[in-house]
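For reference, the structure is listed below as structure tokens.
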Amino acid sequence: MAKTKPGKKDVDSYTIKGTNKVVRPGDCVLMRPSDSDKPPYVARVEKIEADHRNNVKVRVRWYYRPEESIGGRRQFHGAKELFLSDHFDVQSAHTIEGKCIVHTFKNYTKLENVGTEDYFCRFEYKAATGSFTPDRVAVYCKCEMPYNPDDLMVQCEGCKDWFHPNCMGMTIEEAKKLDQFLCSDCSSDDDAKRSLNSFPVSPASEAKVEPKRRKR
């Protein structure tokens, strides 16, 4: 195995203490926070090293939760949303509590059931500046907000855009009973062109699978 520093060597895997779960470079893991009241940190393992005493350390790239970012959590952020940051660190492998899966936004929206280990990431985050890549994404509904996969949306049969029931004056229960839906513009035969805006500094390029993305 390749030597990295004197007395240290790269290792292919690490078995999480007290479990039979094996972590390898490229896997996403849950790491124990210093404050026990906080949820576990989420990171992607870049490299695993062991010294001559078999002390194992992992080089990780941190995921940030929306509330940990500059600007904080906003209404369109999903409950399981993470941002892949440019913040790297070296941690003891003993702080790894478990494994998790960080899906692409597109794949996350296809999940039939979201488990406790399922998260998603739709863009990268620069910790020092608070900037996002990409910095603009598709928006939907008359509120012109990015898609939050936790929220039900209904599609207009006319313009094919997607809408929040609440923005259309409906309850979620009423929306679920609809056979078809026409937004206020289409139902009033308003042919005026709808604004094709995008939302700045928000999630990334992969819009929801079903709706067509608006073009800037």
Side-chain angles (χ1 to χ4, degrees), residues 4-5 8 10-11 14 16 21 23-50 55-109 111 114-139 144-151 197-208 213 216:
T4 52
K5 294 178 182 177
K8 292 187 178 180
D10 288 351
V11 292
Y14 169 77
I16 301 173
K21 294 181 179 178
V23 175
R24 293 182 173 86
D27 288 346
C28 294
V29 295
L30 302 169
M31 305 194 77
R32 185 168 56 251
S34 53
D35 185 346
S36 59
D37 291 335
K38 290 185 177 180
Y41 297 127
V42 181
R44 189 173 74 194
V45 175
E46 303 291 313
K47 188 177 185 180
I48 307 173
E49 286 182 354
N55 293 317
V56 182
K57 291 188 177 294
V58 288
R59 176 172 167 78
V60 298
R61 184 175 181 181
W62 294 113
Y63 284 97
Y64 279 36
R65 288 182 169 83
E67 52 268 27
E68 296 166 338
S69 68
I70 298 171
R73 179 175 287 279
R74 304 177 75 171
Q75 71 181 70
F76 58 86
H77 289 142
K80 305 301 290 291
E81 183 157 5
L82 301 171
F83 312 148
L84 182 61
S85 79
D86 58 351
H87 180 186
F88 292 83
D89 211 348
V90 176
Q91 296 283 311
S92 168
H94 290 308
T95 61
I96 298 176
E97 294 184 329
K99 295 177 69 174
C100 62
I101 304 170
V102 181
H103 301 269
T104 65
F105 185 47
K106 187 175 184 179
N107 288 345
Y108 183 84
T109 62
L111 294 177
V114 176
T116 55
E117 75 284 358
D118 290 312
Y119 296 87
F120 72 90
C121 176
R122 48 181 160 177
F123 63 108
E124 296 186 11
Y125 173 73
K126 290 190 181 299
T129 62
S131 61
F132 295 92
T133 303
D135 63 354
R136 290 176 180 271
V137 294
V139 295
E144 296 197 333
M145 295 297 284
Y147 174 55
N148 181 339
D150 299 335
D151 294 340
N197 296 331
S198 60
F199 195 92
V201 190
S202 55
S205 56
E206 290 180 315
K208 193 187 176 193
R213 182 178 174 183
R216 288 167 59 189

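Interatomic distance, Leu82 CG to Arg65 CZ, rounded to the nearest 0.5 Å: 6.0 Å. Atom CZ in Arg24 sits 7.0 Å away from atom NZ in Lys99 (nearest 0.5 Å). Interatomic distance, OG of Ser69 versus NE2 of His77, reported as 6.5 Å (0.5 Å rounding).
Of the possible polar contacts, one joining the Ser92 side chain to the His94 backbone as a donor-acceptor pair under 3.5 Å is found. The closest donor-acceptor contact from the side chain of Tyr147 to the backbone of Ala138 lies at 3.5 Å or more, if one exists at all. Looking only at distances, a side-chain donor or acceptor of Asn148 sits under 3.5 Å from a matching main-chain atom of Gln75.
Here the side chains of Tyr119 and Cys28 are not in contact, with every heavy-atom distance at 4.5 Å or above. Within the 4.5 Å cutoff, no side-chain heavy atoms of Phe120 are placed close to those of Asn107. Using a 4.5 Å heavy-atom threshold, the side chains of Leu30 and Ile96 count as separate. The shortest side-chain heavy-atom distance between Gln91 and Tyr41 does not fall under the 4.5 Å cut-off. In this structure the side chain of Phe76 never reaches within 4.5 angstrom of the side chain of Asp151, judged on heavy atoms. Contact of the Ser85 side chain with the Glu68 side chain is not registered, since no non-hydrogen atoms from C-beta on lie closer than 4.5 Å. Between Met31 and Val58, the closest side-chain pair of non-hydrogen atoms falls below 4.5 Å.
Across every non-hydrogen atom of Pro40 and Pro33, the tightest pair is CA-CD, 3.9 Å. Between Ile70 and Ala127 the shortest heavy-atom distance is CD1-O, 4.0 Å. When every heavy atom of Pro149 is checked against every heavy atom of Thr109, the shortest pair comes out as CB-CG2, 4.4 Å. Across all non-hydrogen atoms, the minimal contact from Trp62 to Val42 is CE3-O, 3.7 Å.
With respect to Ile48, the side chain to side chain contact (heavy atoms under 4.5 Å, CB included) criterion is satisfied by exactly one of Val11, Val60, Asp27: Val11.
Salt bridge absent: Glu49 and Lys57 never bring a charged side-chain N and a carboxylate O closer than 4.0 Å. By the 4.0 Å N-to-carboxylate-O rule, Lys80 lies too far from Asp118 to be salt-bridged with it.
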(request) Give the intermediate values and the outcome of side chain to side chain contact (heavy atoms under 4.5 Å, CB included) for residues Leu84 and Arg44. (result) CA-CA 9 Å; Leu84 182 61; Arg44 189 173 74 194; 3.8 Å; yes
(request) With salt bridge (charged side-chain N to carboxylate O under 4.0 Å, His left out) as the test, would you mind laying out the steps for Glu124 and Lys126 before giving the verdict? (result) CA-CA 7 Å; Glu124 296 186 11; Lys126 290 190 181 299; over 6 Å; no
(message) Before you tell me yes or no, could you show the steps for Glu67 and Arg73 under salt bridge (charged side-chain N to carboxylate O under 4.0 Å, His left out), namely the whole-Å CA-CA distance, both residues' side-chain angles and the distance that decides it to 0.1 Å?
(response) CA-CA 5 Å; Glu67 52 268 27; Arg73 179 175 287 279; 2.9 Å; yes
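Using cut-offs of 30° and 60° on the angle between ring planes, the pair His87 and Tyr64 is perpendicular.
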